[in-house]
Amino acid sequence: MGEITFDIIKNDEKVRAYITAGDAALRVLGYTEHSFPHVYKTAQTAAAILSDLGYGKRDAELAKIAGLLHDIGNMVNRNYHALTGGVLAESILSSPEYNMPYSEMTSIITAIGNHDEETGRPVNIISAALILADKSDVRRSRVTESDMDKILADIHDRVNYAVTNGNISACTDNDKNGAKKIVLNLSIDTSVCSVMDYFEIFLTRMLMCRRAAAYLEAEFDLIINNLKIM
């Protein structure tokens with residue numbers, strides 16, 4: 001087999017089963033959506049960040065694969081899911097079916113193992129892109145609860161439901177000596193939650209994004225309702 005790509009891995013029966021099982025377990029525990037919409041969005045965003053900052057096509061593809069696989073550890077347990085996810089990813093990518101080169105496989109495994117805010121740090125460009133893509137995926141459609149009273153009672157559901165629009169972008173400003181910038185732009189319905197509610201649960205993640213951007217030699221801006229917060 002030639003180079004392993006996102007399009008190949010996304011159709012793997014085991015990968016699809018692991019993602020489905022992980023999301024099902026988290027739904028029982030009351031978490032937001034962690035199924036295919038989340039992992040596909042994370043994959044696409046991670047790849048776009050590296051591409052837009054001038055990294056190579058293969059690096060972007062590896063980031064895309066890492067985004068696809070980053071949450072498969074949730075099938076085992078939410079606690080330390082990044083670490084178990086890395087082990088599961090190794091078993092998939094090193095299988096005779098794929099036999100991915102060690103240099104590529106280790107970059108993906110390292111990224112998966114370092115994407116969780118409690119234990120992770122940006123330690124290679126794949127991990128930095130994965131952190132930025134994963135932690136920026138805050139949106140109303142990730143809320144799986146349908147009862148509005150229950151949504152408002154849970155801060156994670158409330159904050160995600162309040163985000164009516166969000167996007168993260170990366171660019172290089174050639175007019176400023178090639179300065180790199182990554183911008184997370186959110187629109188929050190403050191009738192659902194306050195900006196302080198957002199920071200109550202996402203401050204650690206935003207600081208992690210800033211570290212990831214710094215690893216990519218970029219400035220990180222957080223803009224909420226057209227106001228620069230970070």
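Only heavy atoms go into these numbers, but all of them, side chains included; no hydrogens, no water, no symmetry mates.
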Worksheet item: Within the distance-only criterion (no hydrogens, no angle test), does the side chain of Asn114 pair as donor or acceptor with the backbone N or O of Thr110 below 3.5 angstrom?
Response: yes
Fill in: For the student: nearest non-hydrogen atoms of Ile49 and Ala170, plus distance
O-CB, 4.1 Å
Worksheet item: Quick one: does Thr45's side chain have a donor or acceptor within less than 3.5 Å of a partner on Thr42's backbone?
Response: no
Discussion item. Closer than 4.0 angstrom, basic N to acidic O: yes or no for Lys180 and Glu219?
Written reply: no
Worksheet item: Can you tell me how far CG of Leu132 sits from SG of Cys209, rounded to the nearest 0.5 angstrom?
Response: 5.0 Å
Discussion item. With a 4.5 Å cut-off on side-chain heavy-atom distances among I, L, V, M, F, W and Y, is there a chain of contacts connecting Met208 to Ile224?
Written reply: no
Worksheet item: Do Tyr161 side-chain atoms and Leu152 backbone N/O form a donor-acceptor pair below 3.5 Å?
Response: no
Discussion item. I'd like to know whether Ile108 forms a side-chain contact (heavy atoms from CB on, under 4.5 Å) with Leu93, so could you lay out the CA-CA distance, the side-chain angles of the two residues, the decisive distance to 0.1 Å, and finally the verdict.
Written reply: CA-CA 9 Å; Ile108 292 171; Leu93 299 175; 4.0 Å; yes
Worksheet item: Between His81 and His115, does the ring centre distance come in under 6.0 Å?
Response: yes
Worksheet item: Charged N to carboxylate O under 4.0 angstrom, Arg16 versus Asp12?
Response: no
Worksheet entry | pair Leu69-Val15: side-chain heavy atoms closer than 4.5 Å | yes
Discussion item. If you define the side chain from C-beta out and look only at heavy atoms, does anything of Phe199 sit under 4.5 Å from Thr204?
Written reply: no
Worksheet entry | Matching residue for Phe36 among Ile19, Leu68, Asp23 - test: side chain to side chain contact (heavy atoms under 4.5 Å, CB included) | Ile19
Worksheet item: Can you name the closest pair of heavy atoms from Leu50 and Ile125 and give their distance?
Response: CD2-O, 3.9 Å
Worksheet item: Taking all atoms of both residues into account, what is the closest heavy-atom pair of Ala63 and Ala129, and its distance?
Response: CB-CB, 4.4 Å
Discussion item. So, taking the atom named CD1 in Ile126 and the one named OH in Tyr55, what distance separates them when rounded to the nearest 0.5 Å?
Written reply: 9.5 Å
Worksheet, complete the sentence: Heavy-atom closest pair (Ser51 atom, Ala60 atom, distance to 0.1 Å) is OG-CB, 3.5 Å
Discussion item. Quick one, Asn225 and Ser187 - any side-chain contact, counting heavy atoms below 4.5 Å?
Written reply: yes
Discussion item. Are there over 12 heavy-atom neighbours, none belonging to Tyr40, within less than 6.0 Å of that residue's OH?
Written reply: yes
Item to complete: Indicate yes or no: at least one non-hydrogen side-chain atom of Glu145 is less than 4.5 angstrom from one of Asp154.
Response: no
Discussion item. I'd like to know if Val143 and Phe202 are part of one continuous hydrophobic network [Ile/Leu/Val/Met/Phe/Trp/Tyr, side-chain heavy atoms within less than 4.5 Å].
Written reply: no
Worksheet, complete the sentence: Here the gap from Tyr98 atom OH to Met105 atom CE, rounded to the nearest 0.5 Å, amounts to 14.0 Å
Worksheet item: Looking at His70, Lys41, Arg205, which one forms a side-chain hydrogen bond (donor to acceptor under 3.5 Å, both in side chains) with Asp134?
Response: His70
Worksheet item: Is it true that the side chains of Asp7 and Thr5 contain a donor and an acceptor less than 3.5 Å apart?
Response: no
Practice prompt. Inspect the contact between Arg139 and Glu33 and indicate whether a charged nitrogen and a carboxylate oxygen are less than 4.0 angstrom apart.
Written response: yes
Discussion item. With a 6.0 Å cut-off (strictly less than), is the heavy-atom count around CG of Asp147, excluding the residue itself, greater than 12?
Written reply: yes
Discussion item. Looking at Ser94, is its backbone amide N or carbonyl O close enough to the side chain of Asn99 to form a donor-acceptor pair, meaning the two atoms are under 3.5 Å apart?
Written reply: no
Worksheet item: What is the distance from atom CZ of Arg27 to atom CG of Asn74, rounded to the nearest 0.5 Å?
Response: 12.5 Å
Item to complete: Check the angle between the aromatic planes of Tyr31 and His34 and answer parallel, tilted or perpendicular using the 30° and 60° thresholds.
Response: perpendicular
Practice prompt. Show your working on side-chain contact (heavy atoms from CB on, under 4.5 Å) between Asn165 and Leu186 and close with a plain yes or no.
Written response: CA-CA 6 Å; Asn165 188 51; Leu186 301 175; over 6 Å; no
Discussion item. For a 4.5 angstrom cut-off between non-hydrogen side-chain atoms, does Tyr80 reach Asp116?
Written reply: no
Discussion item. Looking at every non-hydrogen atom in both residues, tell me the closest pair between Ala89 and Ile112 and how far apart they are.
Written reply: CB-CD1, 3.6 Å
Fill in: Set of residues satisfying salt bridge (Lys or Arg N to Asp or Glu O under 4.0 Å) with respect to Arg140, sequence neighbours excluded
none
Fill in: Exercise: do Asp137 and His38 side chains pair donor with acceptor under 3.5 Å
yes
Item to complete: Using a 4.5 Å cut-off on heavy atoms from C-beta on, say whether the side chain of Ile72 contacts that of Ile92.
Response: yes
Practice prompt. Considering only NZ, NE, NH1 and NH2 on the basic side and carboxylate oxygens on the acidic side, decide whether Asp157 and Lys150 come within less than 4.0 Å.
Written response: no
Worksheet entry | Leu26 vs Leu29 side-chain heavy atoms within contact, under 4.5 Å | yes
Discussion item. With clusters defined by side-chain heavy atoms of hydrophobic residues (ILVMFWY) lying less than 4.5 Å apart, directly or transitively, does Leu207 cluster with Ile168?
Written reply: yes
Practice prompt. Give a yes or no on whether the backbone of Thr190 and the side-chain of Ser194 come within a donor-acceptor separation of less than 3.5 Å.
Written response: no
Worksheet item: Is it true that Arg78 and Glu118 have a side-chain N and a carboxylate O under 4.0 angstrom from each other?
Response: no
Worksheet entry | Shared hydrophobic cluster for Leu216 and Met230 (ILVMFWY, side-chain gaps under 4.5 Å) | yes
Discussion item. Quick check: closest heavy atoms across Leu130 and Gly67, and the distance to 0.1 Å?
Written reply: CD1-CA, 3.8 Å
Practice prompt. Report the distance from atom CG of Leu62 to atom NZ of Lys57, rounding to the nearest 0.5 Å.
Written response: 12.5 Å
Discussion item. Is there a path of hydrophobic side-chain contacts, each under 4.5 Å between heavy atoms, that joins Tyr198 and Phe220?
Written reply: yes
Discussion item. How long is the straight-line distance from CD1 of Ile65 back to CD1 of Ile9, given to the nearest 0.5 Å?
Written reply: 5.5 Å
Worksheet entry | Min side-chain heavy-atom separation Ile188-Cys193 under 4.5 Å | yes
Discussion item. Donor-acceptor check, side chain of Asn160 to backbone of Arg142, threshold 3.5 angstrom: yes or no?
Written reply: no
Worksheet item: If you measure only the distance, is there a donor-acceptor pair under 3.5 Å linking the side chains of Asp71 and Tyr18?
Response: no
